[in-house]
Amino acid sequence: MGAEEWTVECNPATVSLDKARLLKDHGVNRISMGVQSLDEQLLDRLGRVHTRSMVFKSFDTLRCAGFGNLNLDLMFAIPGQALEIWRDTLREAIAMGSEHLSSYEVIYEEDTALYAQLRAGEFEQDEESRLRDVTRNWFKRQPRPVFEQYEVANFARRPSVVPAAIRTRDLVATFSCRPARIACPHAGLPA
């Protein structure tokens, strides 16, 4: 194909080691995973079919398949998303060690559960405005900058803070991957 970067988007609920290896074998070198949130109640509000535990398992599965360039898509200003929930999601996402984070303000699209809730009056659209200003510049105000902004909503991990295991090309050796069982480095995180 000849592209420097070939990205495929995926849902954490549908990642499997076989699919990931197939993508890798056919030249895909970056995966963008639609995490949105690591809070179960917000995932439910958004109508997402994945759980937070699926996010961690899928991330590890992608690493086991050899992907060294992963992006986590996150959403902010979701109705009901307290500032502390957003901060927790960011902390956990950063701790996962992805090379990129995308941070998007929620959008109310007609064919979504969130839009149906808005139309039903379950919340007001401006409820999330208090989070906008805080979150827009969050990455710029990091106490120890880990990410650098390269597009409006996209951030890349600074090379000096990328864990050595992620910088290596042989990721399979870093994660104990077996076809039938995947060692999960994030298993210690609360479900």
Side-chain angles (χ1 to χ4, degrees), residues 9-15 31-63 67 69-108 112-114 117-118 122-158 160-163 165-166 175 182-191:
E9 294 188 7
C10 72
N11 182 318
T14 62
V15 173
I31 299 288
S32 183
M33 193 162 48
V35 174
Q36 314 322 344
S37 179
L38 291 171
D39 181 86
E40 294 288 356
Q41 289 179 330
L42 292 180
L43 290 172
D44 186 52
R45 168 156 264 181
L46 292 168
R48 301 297 293 187
V49 296
H50 69 271
T51 63
R52 66 178 270 116
S53 63
M54 287 178 185
V55 170
F56 299 118
K57 181 180 179 198
S58 295
F59 186 89
D60 293 338
T61 299
L62 293 167
R63 288 288 195 221
F67 284 98
N69 194 3
L70 298 177
N71 178 65
L72 302 178
D73 283 340
L74 304 175
M75 278 188 187
F76 66 88
I78 303 166
Q81 183 182 44
L83 183 57
E84 193 55 38
I85 292 171
W86 170 243
R87 286 181 179 157
D88 289 346
T89 292
L90 281 174
R91 276 193 289 271
E92 288 185 280
I94 289 169
M96 289 174 72
S98 69
E99 289 69 34
H100 301 268
L101 286 178
S102 298
S103 175
Y104 301 101
E105 185 174 341
V106 71
I107 297 172
Y108 301 94
T112 64
L114 194 59
Q117 294 167 30
L118 175 65
E122 294 180 30
F123 60 86
E124 293 184 24
Q125 193 167 357
D126 65 347
E127 177 184 314
E128 78 281 356
S129 63
R130 61 187 162 69
L131 279 175
R132 272 192 203 114
D133 294 333
V134 174
T135 54
R136 281 189 180 144
N137 296 314
W138 187 88
F139 288 96
K140 292 178 184 176
R141 293 192 312 257
Q142 297 171 80
R144 184 179 142 252
V146 176
F147 286 86
E148 292 180 2
Q149 189 171 12
Y150 63 93
E151 289 178 355
V152 172
N154 296 296
F155 303 83
R157 190 173 289 270
R158 297 168 63 106
S160 61
V161 294
V162 175
I166 294 172
F175 292 84
I182 298 172
C184 182
H186 297 98
L189 289 174

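For this chain, numbers begin at 1 and follow the sequence in order.
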| field | Side chain Glu99, main chain Leu70, donor-acceptor under 3.5 Å | value | yes
| Heavy-atom side-chain contact between Phe155 and Glu148 under 4.5 Å | no
| Side-chain donor or acceptor of His50 paired with backbone N/O of Asn11 under 3.5 Å | no
| query | Does any non-hydrogen side-chain atom of Tyr108 lie less than 4.5 Å from one of Pro79? | reply | yes
| field | Side chain proximity check, Leu72 to Ser102, heavy atoms < 4.5 angstrom | value | no
| Salt bridge between Arg91 and Asp88, side-chain N to carboxylate O under 4.0 Å? | yes
| message | Is the shortest side-chain heavy-atom distance between Gln117 and Phe123 below 4.5 Å? | response | yes
| Do the side chain of Arg63 and the main chain of Ser58 share a donor and acceptor less than 3.5 angstrom apart? | no
| said: If I compare all heavy atoms of Gly47 with all of Ala113, which pair ends up nearest, and what's the gap? | reply: CA-CB, 3.9 Å
| Are the side chains of Leu42 and Gln36 in touch, meaning some heavy atoms are under 4.5 Å apart? | no
| Are Glu40 and Arg45 within salt-bridge range, i.e. N to O under 4.0 Å? | no
| field | Asp44 and Arg48: CA distance, side-chain angles, deciding distance, side-chain contact (heavy atoms from CB on, under 4.5 Å) verdict | value | CA-CA 6 Å; Asp44 186 52; Arg48 301 297 293 187; over 6 Å; no
| said: Checking Leu46 against Ile78 for the side-chain contact (heavy atoms from CB on, under 4.5 Å) test, could you report, in this order, the C-alpha distance in whole Å, the side-chain angles of both residues, the deciding distance, and whether it holds? | reply: CA-CA 8 Å; Leu46 292 168; Ile78 303 166; 3.7 Å; yes
| Are the side chain of Glu122 and the backbone of Leu118 linked by a donor-acceptor contact shorter than 3.5 Å? | no
| query | Which atom names give the shortest non-hydrogen contact between Leu38 and Thr89, and what distance separates them? | reply | N-OG1, 3.4 Å
| At their closest point, which heavy atom of Phe76 faces which heavy atom of Glu105, and how far apart are they? | CE2-N, 3.4 Å
| message | I'd like to check Ile31 versus Asn71 (side-chain heavy atoms, cut-off strictly below 4.5 Å). Are they in contact? | response | no
| query | Looking at Arg52 and Glu92, does any basic side-chain N land under 4.0 Å from a carboxylate oxygen? | reply | yes
| note | Rounded to the nearest 0.5 angstrom, the OH-CG distance for Tyr104 and Asp73 is 5.0 Å
| Are the side chains of Arg157 and Ile94 in touch, meaning some heavy atoms are under 4.5 Å apart? | yes
| Minimum heavy-atom separation for Thr61 to Val15, with atom names? | CG2-CG1, 3.9 Å
| How far apart are the closest heavy atoms of Cys10 and Leu62, and which atoms are they? | SG-CD1, 4.4 Å
| Does any non-hydrogen side-chain atom of Phe147 lie less than 4.5 Å from one of Ser103? | no
| Shortest non-hydrogen separation from Gln81 to Trp86 and the atoms involved | NE2-CE3, 3.5 Å
